[in-house]
Protein chains: 2
Amino acid sequence: MGTTQLETVPEPKYWHLKTVLSQALDSDFSVGEVLPNERDLAARFGVARATLRQALEQLELEGRLQRRRGVGTTVAPPRVDVSTAQYAWPGTSGDTWQPVDCTSAVAPVAVGRMLGTDPRDELHTVRRIRTTHGQPVAAELLYVPAASVPQLPAAEAPSGPARARIVLRELQRLGLEGQDRAVELGSARADDARELDRLPGAPVLVVTTRYFAAGRTAAVSVATYRADTCRLTFGDSGDLEITHPAPA
Amino acid sequence: MGTTQLETVPEPKYWHLKTVLSQALDSDFSVGEVLPNERDLAARFGVARATLRQALEQLELEGRLQRRRGVGTTVAPPRVDVSTAQYAWPGTSGDTWQPVDCTSAVAPVAVGRMLGTDPRDELHTVRRIRTTHGQPVAAELLYVPAASVPQLPAAEAPSGPARARIVLRELQRLGLEGQDRAVELGSARADDARELDRLPGAPVLVVTTRYFAAGRTAAVSVATYRADTCRLTFGDSGDLEITHPAPA
DNA sequence: AAGTGGTCTAGACCACTCG
DNA sequence: GAGTGGTCTAGACCACTTC
């Protein structure tokens, strides 16, 4: 028989450490509890601080821990389920987004391609944020070509949230013919990071939505969700809005 | 007026480095091209190798780079769109999954809770992998309680892919009443990592699907997609392309 | 055997929060 | 000002791929 060499592979220290810590979190800690600081933990496990941090980073990525500079490391609550299932224009009554601002700017190339607009054209760019349980979970930029909101009063428009709401209202005059979503991993840009109360580069789930109306792509939304705290739910087909079939 | 201190914040080196590299990738490199090795790059930018690696890690996370031990760092192709929109039992004709194996094992606690089974019960556990363009993109474990496939021949069943296909076939006898999806960030377990040709701990998008039939949760699937190479698409409502289970 | 990325160390300093 | 996590360094060795 073959000398299979099965698992002679030395497991990296940080990987083993992560497993040990993960079990400790399950058994010896409760949500919100603070862990010993990194220097103490590293000493306790007999590893360098950088190695310990590699384990902590993974646990934070998995939503098990929460680390805040100047404060400490705490046990994170379970991830929040946030729904992305709504089939409607943004700003329709019932959604949980809050308009923050609205500016004019050229779109990123990827967005410009989806909209089929001239890359040099300025678009209405609506900033919205989404919170649940008082915590910010997502920051969004909604790109609306001028052609999609032809009746928008041009010059005398106000700024800030008021202007954002006007653009959303105008958008809703169009008949929504379909929409389209994609999810991918990204890292937070500086402005998104600030809205989400995270450091730049923090891992985020980027949800790109295309809204179709009048036979073309009428708007594109790029929403970045905190990957550490969020689980995105898609109330698929079948009986929509299955809340909780769990027996009490 | 307030001395606002606006942006006195020193940008971290690795963050700036990432920006510079990102622009260089856009202008001076093409897909598949190999970058100089990490020691050279670090020297060229006048930083420690660890700092350079921090920038490379982020770019890999964003799907811009691909790194392989013993080989080098190459410019990654754009992410692949993979659809998760199918409304049907797993294994229905037309899906792109390939059954690999089927074992009996107790489910993870989270899965057990969704199924409402006794945590000590053994479930049929079907292993499948999904490939596109010859590359593995996802590994799945499908958990099927014995109660969901009552007519499954018990003892004399074969093993491997054949057994997996039998379980899938039995499952399709049930009428699918609904399904439910959630997406979150995770890190690859050792077994998934092997199937996905990545190292353990690699970032993955975890898609959890609940299948409802006979008034309860009849099966649960946990699929882990390579976060570096995949964009998950959800062909939402509007014009939906629901593939209904074919009446056999 | 040579060259690559992956892991690990033992330090240092910085930015932030809080009492 | 004390304590925390975040950044950075300059090394070392290991696992893997390729020639």
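Every chain is numbered from 1 and lettered A, B, ... according to where its sequence line falls, protein lines coming before strand lines.
- For the salt bridge (Lys or Arg N to Asp or Glu O under 4.0 Å) test, residues two or more places apart in sequence or in another chain that qualify with A/R189 are A/D191, A/D192.
- With sequence neighbours excluded, the residues that form a salt bridge (Lys or Arg N to Asp or Glu O under 4.0 Å) with B/R120 are B/D118.
- Annotation: salt bridge (charged side-chain N to carboxylate O under 4.0 Å, His left out) contacts involving residues 197-209 of chain A, sequence neighbours excluded, comprise A/E60-A/R198, A/R198-A/D228.
- For B/L199 and C/dT4, the CG to C1' distance is 13 Å, given to the nearest whole Å.
- If you check C/dC8, D/dC8, D/dT9 against the side chain of B/Q54, the one that comes closest is D/dC8.
- Listed nucleotides: D/dT9, D/dG6, C/dC8. Nearest to the side chain of A/T51: C/dC8.
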* To do: Check the pair A/R130 / A/T96 against side-chain contact (heavy atoms from CB on, under 4.5 Å), numbers first and verdict last.
  => CA-CA 6 Å; A/R130 182 173 179 177; A/T96 53; 2.9 Å; yes
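- Atoms CZ (B/R198) and C1' (C/dG6) sit 12 Å apart, rounded to a whole Å.
- Residues forming a side chain to side chain contact (heavy atoms under 4.5 Å, CB included) with A/R53 (at least two apart in sequence, or on another chain): A/E38, A/R49, A/E57, A/R67.
- In terms of the side chain to side chain contact (heavy atoms under 4.5 Å, CB included) criterion, residue partners of A/P108 (sequence neighbours excluded) are, by chain and number, A/V111, A/Y143.
- Residue A/L56 is out of contact with every strand shown, counting any heavy-atom pair closer than 4.0 Å.
- Within residues 31-45 of chain B, the residues having any heavy atom under 4.0 Å from DNA chain D are, by residue number, B/R39.
- Interface residues of residues 62-75 of chain B facing DNA chain D, ordered by number: B/R69, B/G70, B/V71; criterion, heavy-atom separation under 4.0 Å.
- Minimum atom distance to the side chain of B/R49 is reached by C/dG5, of the listed D/dG5, D/dA10, C/dG5.
- Residues passing the ring pair (Phe, Tyr, Trp, His ring centres under 6.0 Å) test with A/Y211, sequence neighbours excluded: A/W89.
- Judged as a side chain to side chain contact (heavy atoms under 4.5 Å, CB included), and not counting sequence neighbours, the contacts of B/E195 are B/R127, B/I129, B/A139.
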* Going through the distances and angles, do B/R181 and B/T84 end up as a side chain to side chain donor-acceptor pair (under 3.5 Å)? -> CA-CA 9 Å; B/R181 281 205 177 83; B/T84 60; 4.8 Å; no
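- For DNA chain D, the neighbouring residues in residues 13-22 of chain B, judged by any heavy atom under 4.0 Å, are B/K13, B/Y14.
- Within the structure, no pair that satisfies the side-chain hydrogen bond (donor to acceptor under 3.5 Å, both in side chains) test touches residues 97-112 of chain B, not counting sequence neighbours.
- Scored by the side chain to side chain contact (heavy atoms under 4.5 Å, CB included) test, A/S30 finds A/E33 as partners (sequence neighbours excluded).
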